[in-house]
Amino acid sequence: MHKILSHLNSDDFSALRNYLSEPRKLVITTHRSPDGDAIGSSLGLYLALHKMGHEVAVIVPDEFPAFLAWMSGAESVLVYESAPSKALPVLRAAEMIFCLDYNAYHRTGELGLHLERANVPKVLIDHHQSPDDFAAYLLSDTSASSTAQLIYEFMEGMEMLQLLDREIAECLYSGLVTDTGSFRFNSTSERTHYIAAQLMKTGMENHLVHQRLFDNNSINRLRLLGFCLSEKLVVLPEYRTAYIALTKSELKRFNYKKGDTEGIVNYALSLQNIVFAAFITEREREIRLSFRSKDGWDVNRFARAYFNGGGHIHAAGGAAQISLAATLEKLEGHLAEHQSELQNA
Ligand code: 5GP
Ligand code: MN
């Protein structure tokens, strides 16, 4: 049975505080295809635990996009897929493992098998629906804007807030900004803004963080966006849905790099009268689907039901092991089944 860390200053926090009162070997992990929240929350926690005197490492399943590489500590992140022989000994030596921004081992790909085998206490800090039951300590809040927000809550519960500095603040703020669409999604709460304000008190300059995250486009990335919008956007007004689907060769044509398609799905969602947007890409071994929605249309349920995926109500993803054309057919079939819900969303 796991301990629920939902109440600040609870006995569980004091047990953890006690455990971390002497130097430990700690590993922080996050999900595959790490995004701004995954990397921001991992590095924010990494820097704070490091400051406490622990031996800490961040292990990610696969490469993270270049637009996140400016964060403090990014150079020390171990990428399991690129160098398993470096990552695994560190993982095996860990006395405690933090699991951030995911709540099921399979979200970390093959690394998950090693995590499952690691017989040490795990601390799960996450904001996705339906956490699996594997953690000794669980801080799970699906109403939180981001895992970065929960790292702040964790630091408060652990009486670590005095460690906050500009570098940690930049990491956590990046998580807040990227997971809330720059503070505009409905997951943005009063608390989110309060935490952003506390982060700014460290001297962190919000405009610089925003610039590093968003004014960093390659020409290929902008041209790919233009191509998606002018040539590939499919609008299905009868289902209040818009989608963009890209083949492998189209991605290659624009010299696709990890992170290049980040956010394109939001342009489809910005259309008048659209409540459901999908961004679909053909990968080496499967088709990946990324969903966004508004007005209560639940894409987490849709992704779980039909595409072996999940996520949040308004942002989810999944995969299909059929051709791109068959995936689009399947998608449109399920849209038809949900037509009245979509019409009334
Ligand atoms: P994105 O579209 O940005 O890749 O993912 C949106 C949200 O859906 C993220 O919170 C992510 O964790 C979740 N998500 C994406 N793909 C999957 C998947 O295959 N399985 C599950 N369970 N969640 C996913
Ligand atoms: Mn997140």
Side-chain angles (χ1 to χ4, degrees), residues 3 5-6 8 12-13 16-17 19-21 23-31 34-61 64 68-79 87 90-91 94-103 107-108 111 115 118 120-128 131 135-141 144-179 192 195-196 198-199 202 204 209:
K3 312 266 187 197
L5 293 174
S6 51
L8 301 182
D12 302 324
F13 271 121
L16 253 186
R17 271 201 302 275
Y19 183 77
L20 294 177
S21 64
R24 302 281 185 185
K25 287 193 172 74
L26 307 172
V27 161
I28 299 170
T29 59
T30 191
H31 58 79
D35 56 11
D37 189 32
I39 296 297
S41 55
S42 294
L43 288 177
L45 181 62
Y46 164 85
L47 294 170
L49 291 170
H50 189 75
K51 249 179 145 172
M52 285 169 77
H54 300 293
E55 202 176 303
V56 201
V58 176
I59 302 178
V60 298
F64 56 89
L68 302 173
W70 55 268
M71 285 182 214
S72 289
E75 68 291 342
S76 66
V77 171
L78 299 169
V79 182
V90 177
L91 185 68
E95 296 173 89
M96 177 174 268
I97 298 175
F98 289 81
C99 306
L100 306 189
D101 205 36
Y102 70 93
N103 60 26
R107 297 280 297 128
T108 66
L111 178 62
L115 288 168
V120 294
K122 316 239 165 70
V123 182
L124 173 51
I125 306 178
D126 178 58
H127 67 136
H128 295 88
Y137 296 93
L138 176 68
L139 179 52
S140 163
D141 181 354
S145 70
S146 52
T147 297
Q149 176 161 340
L150 293 176
I151 296 296
Y152 183 93
E153 307 293 12
F154 179 79
M155 288 179 69
E156 179 164 74
M158 294 292 288
E159 297 171 5
M160 288 166 69
L161 285 181
Q162 78 285 357
L163 298 173
L164 262 188
D165 58 22
R166 189 185 162 124
E167 282 74 31
I168 296 173
E170 286 175 347
C171 295
L172 297 183
Y173 191 80
S174 297
L176 296 184
V177 166
T178 53
D179 258 29
T192 315
I195 291 170
Q198 301 312 304
L199 298 179
T202 64
M204 178 208 80
V209 173

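Start at 1 with the first residue, then count along the sequence. Note that these values count all heavy atoms, side chains included, but never hydrogens, waters or copies made by symmetry.
- A donor-acceptor pair under 3.5 Å links the side-chain atoms of D126 to the main chain of Y102, judged by distance alone.
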Intermediate values then yes/no, side-chain contact (heavy atoms from CB on, under 4.5 Å), T178 and D35: CA-CA 8 Å; T178 53; D35 56 11; 5.9 Å; no
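- The two atoms that bring I168 and G44 nearest to each other are CG2-O, 3.8 Å, heavy atoms only.
- The shortest non-hydrogen separation linking L20 to M158 is CD1-CE, 3.7 Å.
- The shortest side-chain heavy-atom distance between L176 and Y152 does not fall under the 4.5 Å cut-off.
- Across all non-hydrogen atoms, the minimal contact from Q149 to S146 is N-OG, 3.1 Å.
- The closest donor-acceptor contact from the side chain of H31 to the backbone of A38 lies at 3.5 Å or more, if one exists at all.
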Stepwise side-chain contact (heavy atoms from CB on, under 4.5 Å) test for I195 and Q198: CA-CA 5 Å; I195 291 170; Q198 301 312 304; 5.5 Å; no
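- Looking at every heavy atom in both residues, S145 comes nearest to T192 through OG-CG2, 3.6 Å.
- T30 places a side-chain N or O within donor-acceptor distance of the main-chain N or O of L100, the cut-off being under 3.5 Å.
- Atom CG in L172 sits 7.5 Å away from atom OG in S41 (nearest 0.5 Å).
- The side-chain contact (heavy atoms from CB on, under 4.5 Å) test applied to E55 returns K25, not counting sequence neighbours.
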Test log, rule side-chain contact (heavy atoms from CB on, under 4.5 Å), inputs E170 and W70: CA-CA 10 Å; E170 286 175 347; W70 55 268; 4.0 Å; yes
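- Judged purely by atom type and a 3.5 angstrom limit, T29 uses its side chain to pair as donor or acceptor with the backbone of F98.
- Residues forming a side-chain hydrogen bond (donor to acceptor under 3.5 Å, both in side chains) with S174 (at least two apart in sequence, or on another chain): none.
- The side-chain heavy atoms of F154 and F13, taken from C-beta on, include a pair separated by under 4.5 Å.
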Test log, rule side-chain contact (heavy atoms from CB on, under 4.5 Å), inputs M96 and V120: CA-CA 6 Å; M96 177 174 268; V120 294; 5.6 Å; no
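- Nearest heavy-atom pair across S140 and H128 is OG-O, 4.4 Å.
- Between V58 and L43 there is a side-chain heavy-atom pair separated by less than 4.5 Å.
- Here the CG atom belonging to L163 is positioned 6.5 Å from the CE atom belonging to M52, to the nearest 0.5 angstrom.
- Between L49 and M160, the closest side-chain pair of non-hydrogen atoms falls below 4.5 Å.
- For the pair D179/T147, no side-chain contact is recorded, criterion being any heavy-atom separation below 4.5 Å from C-beta on.
- Between L124 and L139, every side-chain heavy-atom pair lies at or beyond the 4.5 Å cut-off.
- We find the NE2-CD1 distance between H50 and I28 to be 11.0 Å, quoted to the nearest 0.5 Å.
- Under a 3.5 Å cut-off, the side chain of D37 and the backbone N or O of A148 do form a donor-acceptor pair.
- No side-chain donor from either of Y46 and S72 sits under 3.5 Å from a side-chain acceptor of the other.
- Residues L199 and Y173 share a closest heavy-atom pair of CD1-N, 3.6 Å.
- Summarising the geometry, atom CG belonging to L164 is positioned 10.5 Å from atom CD belonging to E156; distances are rounded to the nearest 0.5 Å.
- At least one donor-acceptor pair under 3.5 Å links the side chain of R24 to the backbone N or O of Y19.
- With contacts defined as side-chain heavy-atom distances shorter than 4.5 Å, the pair I151/I125 qualifies.
- A94 meets the side-chain contact (heavy atoms from CB on, under 4.5 Å) test with V27, I97; sequence neighbours excluded.
- H127 places a side-chain N or O within donor-acceptor distance of the main-chain N or O of A144, the cut-off being under 3.5 Å.
- The existence of a salt bridge linking R107 and D101 is excluded, since no basic side-chain nitrogen approaches an acidic carboxylate oxygen closer than 4.0 Å.
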